[in-house]
Amino acid sequence: MGRYLFFFLCFLSSFILYVFPGTGKGAVMAQPLNTNSRWIVNESGQRVKFACVNWVAHLEVVVAEGLSKQPVDVISKGILDMGFNCVRLTWPLFLFTNDTLASTTVRKSFKNQGLNESIAGLQANNPSIVDLSLINAYQAVVVSLANNNVMIILDNQISKPGWCCSNFDGNGFFGDQYFNPDVWIKGLTKVATMFNGTKNVVAMSLRNELRGQKQNVNDWYRYMQKGAEAVHTANPNVLVIFSGLNYDKDLSFTLNKPVNLTFTNKLVFEVHWYGFSNGKAWETSNSNQVCGEVLDNLMRSAGFVLDQGYPLFVSEFGVDMRGSNVNDNRYLNCFMGWAAEYDLDWALWTLVGSYYLREGVVGMNEYYGVLDWNWCDIRNSTFLQRLSVLQSPFRGPGYAETRPHKVIFHPMTGLCIQWKSPFEPLVLGLCSEAEAWTYTPQNTLTIKGTYFCLQANELGQPAKLGVICSYTNSKWETISDSKMLLSSKLEDGSSVCLDIDSNNAIVTNTCKCLNRNSTCDPGSQWFKIIDSTRCTSATKSSVRINSIFSFMAKNMLAISSW
């Protein structure tokens with residue numbers, strides 16, 4: 001009966017989305033946005049998940065990258081087509097505080113840098129922008145994103161235009177050469193005022209990656225709170241996003257001293273995490289160990305804000321899209337598990353396929369970019385498909401499509417465990433079509449609404465479902481420092497772990513990487529049991545339900561014959 005109810009609720013949810021479109025992935029919800037405990041919500045109280053991509057506009061030419069390669073509306077539309085619903089659009093402080101810079105034309109800015117080829121590209125692809133002032137060109141990009149139904153987070157990346165970041169670039173902390181806090185407040189106020197009422201500008205990130213020798217907690221509270229109040233006074237509709245210290249990796253000091261603001265339900269914290277944030281640890285050490293240690297530290301330094309009732313926005317993460325960077329690849333497996341488990345808001349670095357000019361290099365290729373060098377094609381479609389699972393909420397206010405359940409998520413593929421029929425092995429498939437599981441205090445994983453539990457089979461054989469769930473091969477524990485190996489015991493007492501074969505079928509194999517071996521990669525065996533209220537596919541019809549009852553009847557006959 002529970003199974004029928006589950007399918008009915010799924011069908012009802014899908015019907016509502018069909019009749020009332022615009023509430024699914026990629027759609028922009030009613031604004032302004034607010035916070036409800038750890039969630040970002042719209043005016044109706046429904047969760048809005050940030051699934052963003054970073055678009056760079058803070059380098060020396062002070063123009064959003066890529067406009068010499070594609071029309072701005074083509075780029076904006078493509079962002080939504082790739083499943084992202086928002087852009088973290090960077091800006092340098094001096095664009096809004098230095099009138100001479102702001103009034104410089106796009107053409108003149110490129111000419112000053114000797115970028116004549118880029119001028120020709122701009123003339124061909126964005127003739128309406130090439131002779132605008134830099135500040136008006138920035139506004140034109142915002143308008144294009146808004147017109148294409150993309151949410152915009154305005155991020156003050158740096159003060160003096162240029163590549164970010166180092167401890168000695170004069171942009172790191174309040175009082176540095178290019179970081180006068182009074183000028184910063186004026187800039188924030190101007191930006192907040194300029195975009196007050198602008199469709200889809202939903203948040204402002206006060207400052208990117210605070211850092212350097214001058215950083216200290218007292219000035220952080222003093223100026224970040226002052227900046228937040230200035231933004232809220234000028235534009236009470238936007239969320240205010242706070243970065244921490246040490247390149248946006250440390251918010252731990254707020255654990256015992258909360259931020260004190262005159263307004264509520266508008267504050268979001270952000271954190272950055274890349275593979276290189278941990279040096280070469282992913283490549284030179286055991287991945288189970290590194291993942292466990294790094295995540296423990298990340299939750300202590302930033303993740304605790306979720307328990308304090310604030311959203312945590314991972315405003316920068318990313319990998320080398322060429323796929324050959326071992327450090328990045330192992331880090332990404334760990335990141336995917338963490339981001340899915342906590343259903344985090346995030347912004348991928350970066351949209352950019354190439355730069356006009358970066359660190360003295362003309363046309364530098366950005367291997368962390370979603371788009372290729374020409375801004376025409378997706379650099380790594382497999383990565384984007386894998387990331388798509390994180391573009392929709394697993395849960396949150398307004399997403400109680402069905403009763404709470406678990407899905408078994410495989411970070412290395414971005415897929416979840418499915419059961420297509422009683423006569424086929426369990427396989428990985430889209431999480432939108434995943435099985436709904438319960439995870440009992442007795443460590444059994446049972447398909448919700450049935451008596452079927454997950455069971456380990458022989459070594460190297462497909463995992464199976466059964467109805468006798470008291471044996472050791474029906475008990476599953478998370479083991480290793482990563483807490484992502486799902487382990488069970490066979491009849492002979494040997495331990496096995498859930499794994500996948502070359503066809504993405506679910507099998508059981510010897511558990512990987514339990515020693516300190518740095519060359520071992522446990523990624524195929526990493527699974528996360530995720531809390532969800534997301535509806536699975538409503539297309540699993542009565543045909544399948546009938547096959548379940550048939551399978552159950554055969555099992556009961558087998559049991560009665562023993």
Side-chain angles (χ1 to χ4, degrees), residues 10 24-26 49 51 82-84 287 291 317 319 321 323 328-344 346 348 370 378 380-395 399 401-402 405-421 424-439 445 447-448 452 454 456 462-465 476 478 482-486 497-509 512 521-540 544:
C10 286
K25 180 177 75 175
K49 181 175 183 175
M82 288 186 289
F84 302 104
S287 293
C291 185
F317 78 98
V319 295
M321 295 284 181
D328 276 2
N329 294 344
R330 293 181 180 180
Y331 142 81
L332 183 61
N333 291 337
C334 185
F335 174 86
M336 291 286 292
W338 178 66
E341 179 181 11
Y342 290 95
D343 205 2
L344 297 169
W346 49 266
L348 175 70
V370 172
I378 295 169
N380 186 333
S381 58
T382 300
F383 170 85
L384 206 58
Q385 183 178 12
R386 178 179 173 187
L387 188 67
S388 66
V389 68
L390 301 181
Q391 290 176 328
S392 298
F394 280 104
R395 53 197 168 99
Y399 277 89
E401 299 172 353
T402 187
H405 59 277
K406 310 284 187 182
V407 295
I408 306 176
F409 175 63
H410 190 250
M412 191 178 80
T413 59
L415 302 173
C416 293
I417 293 183
Q418 294 180 2
W419 182 33
K420 292 187 175 180
S421 85
E424 298 180 64
L426 295 163
V427 295
L428 292 178
L430 296 177
C431 290
S432 58
E433 299 174 0
E435 294 308 317
W437 301 82
T438 58
Y439 190 40
L445 280 161
I447 293 182
K448 197 171 182 67
F452 296 122
L454 181 64
K464 60 183 181 179
L465 295 173
W476 297 91
T478 54
S482 69
K483 299 181 178 64
M484 284 201 279
L485 293 179
L486 274 174
C497 279
L498 220 56
D499 204 344
I500 60 169
D501 67 13
S502 58
N503 297 315
N504 277 350
I506 306 302
V507 298
T508 50
N509 281 318
K512 293 181 179 179
D521 184 358
S524 70
Q525 291 189 348
W526 275 0
F527 291 85
K528 268 289 182 183
I529 302 173
I530 306 296
D531 289 320
S532 179
T533 55
R534 181 196 291 185
C535 206
T536 58
S537 175
T539 62
K540 296 175 180 178
R544 182 173 163 200

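All figures in this text were calculated on a predicted structure; none of them were measured in a lab.
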Students often mix this up, so state it plainly: with edges at 30° and 60°, are the rings of F527 and H410 parallel, tilted or perpendicular? tilted
Work out which heavy atom in L426 is nearest to a heavy atom in A463; give both atom names and the distance. CD1-O, 4.4 Å
Working to the nearest 0.5 Å, report the span between CD1 of I500 and OG of S524. 6.0 Å
Those residues at least two apart in sequence (or on a different chain) that pass side chain to side chain contact (heavy atoms under 4.5 Å, CB included) with T533 are R395, Y399, P404
Rounded to the nearest 0.5 Å, what separates atom CH2 in W338 from atom CE in M484? 12.0 Å
Output, in order, the C-alpha distance, side-chain angles, deciding distance and verdict of side-chain contact (heavy atoms from CB on, under 4.5 Å) for K49 and W346. CA-CA 8 Å; K49 181 175 183 175; W346 49 266; 3.9 Å; yes
Does some side-chain heavy atom of N329 sit less than 4.5 Å from a side-chain heavy atom of V319? no
Under the criterion side-chain contact (heavy atoms from CB on, under 4.5 Å), which of H405, K448, K406 is the partner of T438? K448
V389 and C431 have their tightest heavy-atom pair at CG2-SG, 3.5 Å
Can you confirm whether P425 sits close enough to I506 that some side-chain heavy atom of one is under 4.5 Å from a side-chain heavy atom of the other? no
Okay, side chain of R386, backbone of P411: is any donor-acceptor separation there less than 3.5 Å? yes
Spell out, as yes or no, whether a donor-acceptor pair under 3.5 Å connects the side chain of W437 to the backbone of L454. no
Is a side-chain donor or acceptor of N380 paired with a backbone partner of M321 at a separation under 3.5 angstrom? yes
Worked check of side-chain contact (heavy atoms from CB on, under 4.5 Å) between L344 and F335: CA-CA 11 Å; L344 297 169; F335 174 86; 6.0 Å; no
Near E341 CD, under 6.0 Å, is it more than 12 heavy atoms from other residues, nucleotides or ligands? yes
Show your reasoning for whether side-chain contact (heavy atoms from CB on, under 4.5 Å) applies to L415 and L430. CA-CA 5 Å; L415 302 173; L430 296 177; 4.3 Å; yes
Which value, rounded to the nearest 0.5 Å, describes the distance between W476 atom CH2 and L485 atom CG? 11.5 Å
Step by step, work out the side-chain contact (heavy atoms from CB on, under 4.5 Å) result for M412 and W526. CA-CA 7 Å; M412 191 178 80; W526 275 0; over 6 Å; no
Exam field: side chain N503 to backbone A505, donor-acceptor pair closer than 3.5 Å: no
Beyond-backbone contact of F383 with I378, side-chain heavy atoms, under 4.5 angstrom: no
When rounded to the nearest 0.5 Å, the distance separating CZ of R330 from OG of S287 is 4.0 Å
Given 3.5 Å as the limit, does a donor-acceptor pair link the side chain of K512 with the main chain of G523, or not? no
Within the distance-only criterion (no hydrogens, no angle test), does the side chain of Q391 pair as donor or acceptor with the backbone N or O of A51 below 3.5 angstrom? no
Provide the closest heavy-atom pair for C416 versus A434 in the form atom of the first, atom of the second, distance. CB-CB, 3.5 Å
Of all heavy-atom pairs linking F394 and D531, the shortest is CB-O, 3.8 Å
Would you say R534's side chain and V407's backbone share a donor-acceptor pair under 3.5 angstrom? no
Reported NZ-to-CD1 distance for the pair K483 and I529, which is rounded to 0.5 angstrom: 13.5 Å
Rounded to the nearest 0.5 Å, what's the gap from CD1 on I408 to OH on Y439? Could you check? 9.5 Å
